[in-house]
Amino acid sequence: MNAYRQQGAEPEHQLMGNQFPAAATRGLSPARMALLEEQLMREISRAEPAPAAVAPRRRARWGLVAVPVTVTAAAAVVLTNIGGPASPSAPYTALSPVVKVQPASAEGTTELMREVADATRESHPLTVRSDQYVYIRSKVGFSRQTAQRTMNGPTHMDAVHEREVWLPQDPARAGLIREAGKDERLAGTGQARVDGGAATTPGAGNATYAQTAALPTDPDTLLETIYTVTAGRAPSRDAAAFDWIGDTIDEAIVPPRNEAAIWLAAAKIPGVAVVHDAVDAAGRHGEALAFESLGERTEYIFDTTTHTYLGERSYLVKNTPAGKAGQLTGISAILDRGVTDRLGLAPADTDK
């Protein structure tokens with residue numbers, strides 16, 4: 001393959017991908033891997049198709065998973081925005097691994113996202129220079145398989161714990177994750193990851209402030225852009241678009257008008273629904289925009305009064321080899337976010 005392409009020869013979707021941010025590479029959950037493995041083995045053996053196992057899709061930011069090179073990985077993050085007081089902070093919080101599967105309805109999705117968009121536009125904007133770091137403090141929890149080195153079978157939910165990230169706005173700089181008492185340095189990529197390619201480290205593909213500021217502010221145009229950028233991603237066109245929404249908002253600071261457009265675009269994705277009682281990792285209740293895929297529901301949760309984004313929750317809605325309906329597969333809550341000049345220091349510490 002030639003090292004260089006002739007100018008102007010790039011396909012349209014690649015040009016769009018270079019212009020707009022694509023979320024960090026997602027990692028597939030062990031249970032999702034089991035589903036893909038089962039389908040592959042059926043094709044190899046040419047057996048009669050059996051009912052597909054329902055498997056959750058978990059964002060790799062909740063738990064890094066080894067992914068076979070034959071499977072396209074996509075990882076990401078959860079969260080963004082601050083929404084009201086959180087429960088007292090503790091190193092680890094034991095949450096029930098099973099939640100009640102609440103009813104979800106397509107009615108009211110547009111109205112809820114309009115309220116969220118209005119609140120976003122009225123929020124106090126944060127700006128980020130290219131030499132600064134986006135700082136996010138959150139609570140997260142994720143599920144992992146009970147048996148190691150397997151791609152099928154039951155999973156269990158780890159205790160919810162605190163996470164801090166420092167994400168550079170200059171891709172050449174290193175970032176930092178502080179989680180469960182350990183620091184993990186994120187190597188700089190040397191270039192902005194906006195082409196949909198795999199990021200080599202967690203967070204390396206996060207959209208910068210400048211990239212999100214370049215997004216279309218018309219929801220219909222933005223949704224078409226999202227479909228273009230996520231074209232070909234598993235498990236489906238609409239599921240990939242819904243994932244992109246959370247991945248782009250999550251551990252980032254997005255200009256209010258662009259974030260408002262993102263939520264309005266989310267309301268236009270076929271299959272989205274409203275869940276009227278959802279709970280984030282800090283115990284805060286709110287309304288959620290939800291989407292179901294492969295037997296797992298993912299919720300983006302908003303404060304019922306301020307309509308600000310609180311966090312994310314994912315859980316099974318059907319009995320699967322990975323667990324029973326109601327089993328959590330991931331949960332998060334934003335506790336703080338801001339801008340800092342120094343790696344490893346929270347915004348409040350840099351002012352001292």
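When hydrophobic residues (I, L, V, M, F, W, Y) are linked wherever their side-chain heavy atoms come within less than 4.5 Å, the members clustered with L176 are Y133, Y135, W166, L343.
A side-chain N or O of T329 and one of E296 form a donor-acceptor pair less than 3.5 Å apart. In this model, no donor atom of one side chain and acceptor atom of the other lie less than 3.5 Å apart for Y209 and Q132.
With sequence neighbours excluded, the residues that form a salt bridge (Lys or Arg N to Asp or Glu O under 4.0 Å) with D220 are K268. Checked against side chain to side chain contact (heavy atoms under 4.5 Å, CB included), P97 has the following partners two or more places apart in sequence or in another chain: M157. The salt bridge (Lys or Arg N to Asp or Glu O under 4.0 Å) test applied to K324 returns no partner, not counting sequence neighbours.
In this pair, Y309 and F302 present their aromatic rings perpendicular. The plane angle is above 60°, beyond the 30 to 60° band.
A salt bridge links E251 and R163; the closest N-O separation between the charged side-chain nitrogens and carboxylate oxygens is under 4.0 Å.
The closest side-chain heavy-atom distance from V160 to V140 is not below 4.5 Å.
Among residues at least two apart or in separate chains, there is no salt bridge (Lys or Arg N to Asp or Glu O under 4.0 Å) pair with a member in residues 95-117. Pairs of residues two or more places apart, or lying in two chains, that qualify as salt bridge (Lys or Arg N to Asp or Glu O under 4.0 Å) and include a residue from residues 116-134 are D118-R121, R129-D131, R129-D341.
Shown here for D277 and R313, the closest heavy-atom pair between the two residues is O-NH2, 3.9 Å.
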